[in-house]
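Atoms within each ligand, like the ligands themselves, are counted from 1 in listed order.
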Amino acid sequence: MDTKVIRIEEQQSEEAVIREAGEIVKAGGLVAFPTETVYGLGGDALNPASSRKIYEAKGRPSDNPLIVHIADMEALAAIVKRVPESAKMLAEAFWPGPLTMILEKSDLVPKETTGGLETVAVRMPSDAVALAFIRAAGGYVAAPSANRSGRPSPTRASYVAQDLDGRIEMILDGGDATLGLESTIVDLTAKPPAILRPGFITGEMLRQKLGRVEEDETLFSADSGQAPKAPGMKYRHYAPKGELVIVRGQTEAVTDYIGKELAQMCKNKKKTGVIATDETLDKYKADVPRSVGKRTDAAAAAKGLYRILREFDDEGVEAIYAESFDGEGVSQAVMNRLLKAAGHRVINV
Ligand code: AMP
Ligand code: MG
């Protein structure tokens, strides 16, 4: 199949293009589209055949549920058994935006979309193109991140094409994703509500609205070994092709340790990459040194992380060392993705 890539910039062409994209989805096809978090791979959430196609195109195990993207609150009421007060409050505060809520599903949603579960994950994105596309597609778009399973989520259209060219009907190119990390996921069927994936809507922000919210430390701290909470968590996500290790400790100890490792790898003729910050970048003699920005700017790290992981793959990097991110809020989301990419390998120095 030929994948049509269409850059969306002019108001004029936009409407017709989005209508075309919507028609593809209504007819059971797949369209990748920009959102403020990462690019999504969209299909009709109410059509079991579309969801099966999404799993196939991604090479994703079919017990890993999809997030249903909606554009208004009426759509939420249609796909869940009931809209609890907690969901109304969170929607009021954070939708449209980077928050996904897990609720009990209604009969309208096929099990193919929810990976066999009785619950459904729902999000209303804030990106204008995403909202227009969801409306044009009938109002219910199942969309995981638009990468091949195991690759970093795509933050720009060319990355979607790298992974899915020839496998889907269309890619809407809306430029770079503004946030760069996937949505926060909160499970509202749990008592108290539980964060399953940290993101830009932080635990603190959710607690201000809901009171108690469970937030498992193992989501963003090195110590793992616990059973995964969300179905998708058992899979190694976001993995670069090279071996990635996170090095944690005082800045000087970290730069020293990584420096020695780089020298050793150089002797072994291994191509190396480093994920550093502006403050430390020039201390590293790596083949592909990369900074995620200022140490204090977690949003910049979130925005750049997946691009950097893909650049390592493109350059054929074999050994990657990353500084760790131990702050609160968005730092925790960055650390969560880094831990997944590293398969939870952390060295404390
Ligand atoms: P992605 O679409 O790639 O951002 O991944 C979506 C993730 O949302 C899945 O891997 C699951 O971890 C989570 N998820 C989706 N639906 C549910 C659900 N019904 N219950 C729990 N977690 C879910
Ligand atoms: Mg994903």
Next item on the list: Looking only at distances, please establish whether an N/O atom of ligand 1 is found under 3.5 Å from an N/O atom of Ser145.
Entry: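 Yes, there is a polar N/O contact under 3.5 Å.
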
Margin query: Is it the case that ligand 1 has an N or O less than 3.5 angstrom from some N or O of Asn64?
Written below: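 Looking only at distances, the answer is yes, because the N/O contact criterion of under 3.5 Å is met.
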
Check: Residues two or more places apart in sequence or in another chain: which of them pass side-chain hydrogen bond (donor to acceptor under 3.5 Å, both in side chains) with Asp287?
Finding: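 Applying side-chain hydrogen bond (donor to acceptor under 3.5 Å, both in side chains) to Asp287 gives Thr272.
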
Checklist line | Interfacing atoms of ligand 1 (cut-off 4.0 Å, heavy-atom, Arg197) | finding: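 Under 4.0 Å from Arg197, ligand 1 has these atoms: 1 (P), 4 (O), 5 (O).
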
Note to self: Using heavy atoms and a 4.0 Å limit, tell me yes or no: is Arg60 in contact with ligand 1?
What the structure shows: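 Yes, that is the case, since the closest heavy atom of the residue is under 4.0 Å from the ligand.
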
Notebook entry, point to check: Parallel, tilted or perpendicular: which describes the rings of Phe33 and His69, with under 30° parallel and over 60° perpendicular?
Noted result: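 The rings of Phe33 and His69 stand perpendicular, inter-plane angle above 60°.
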
Item checked: The one among Val68, Ile54, Thr119 that brings a heavy atom closest to atom 19 (N) of ligand 1 ->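 It is Thr119 that holds the nearest heavy atom.
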
Next item on the list: Going by heavy-atom distance to atom 23 (C) of ligand 1, choose the closest among Leu41, Ile102, Leu66.
Entry: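 Among Leu41, Ile102, Leu66, the closest heavy atom to atom 23 (C) of ligand 1 comes from Ile102.
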
Margin query: Between Arg82 and Ser106, is there a side-chain donor-acceptor contact under 3.5 Å, judged purely by atom types and distance?
Written below: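 Ser106 vs Arg82: no donor-acceptor pair found between side chains.
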
Checklist line | Tyr257 and Glu252: side chain donor to acceptor below 3.5 Å | finding: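 On atom types as modelled, these side chains do not qualify, holding no pair under 3.5 Å.
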
Notebook entry, point to check: Mind checking whether the Mg ion (ligand 2) has an N, O or S of Ser149 under 2.8 Å?
Noted result: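 Given the 2.8 Å cut-off, Ser149 does not count as a ligand of the Mg ion (ligand 2).
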
Item checked: Partners meeting ring pair (Phe, Tyr, Trp, His ring centres under 6.0 Å) with Tyr39 (sequence neighbours left out) ->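 Here no residue qualifies.
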
Checklist line | Side chain, backbone, both or neither: the part of Leu196 lying under 4.0 Å from ligand 1 by heavy atom | finding: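 Answer for Leu196: side chain.
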
Notebook entry, point to check: Does the cation-pi check pass for Arg295 over Phe325, that is, NZ or CZ under 6.0 Å from the six-membered ring centre and within 45° of its axis?
Noted result: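 Ring-cation test returns yes.
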
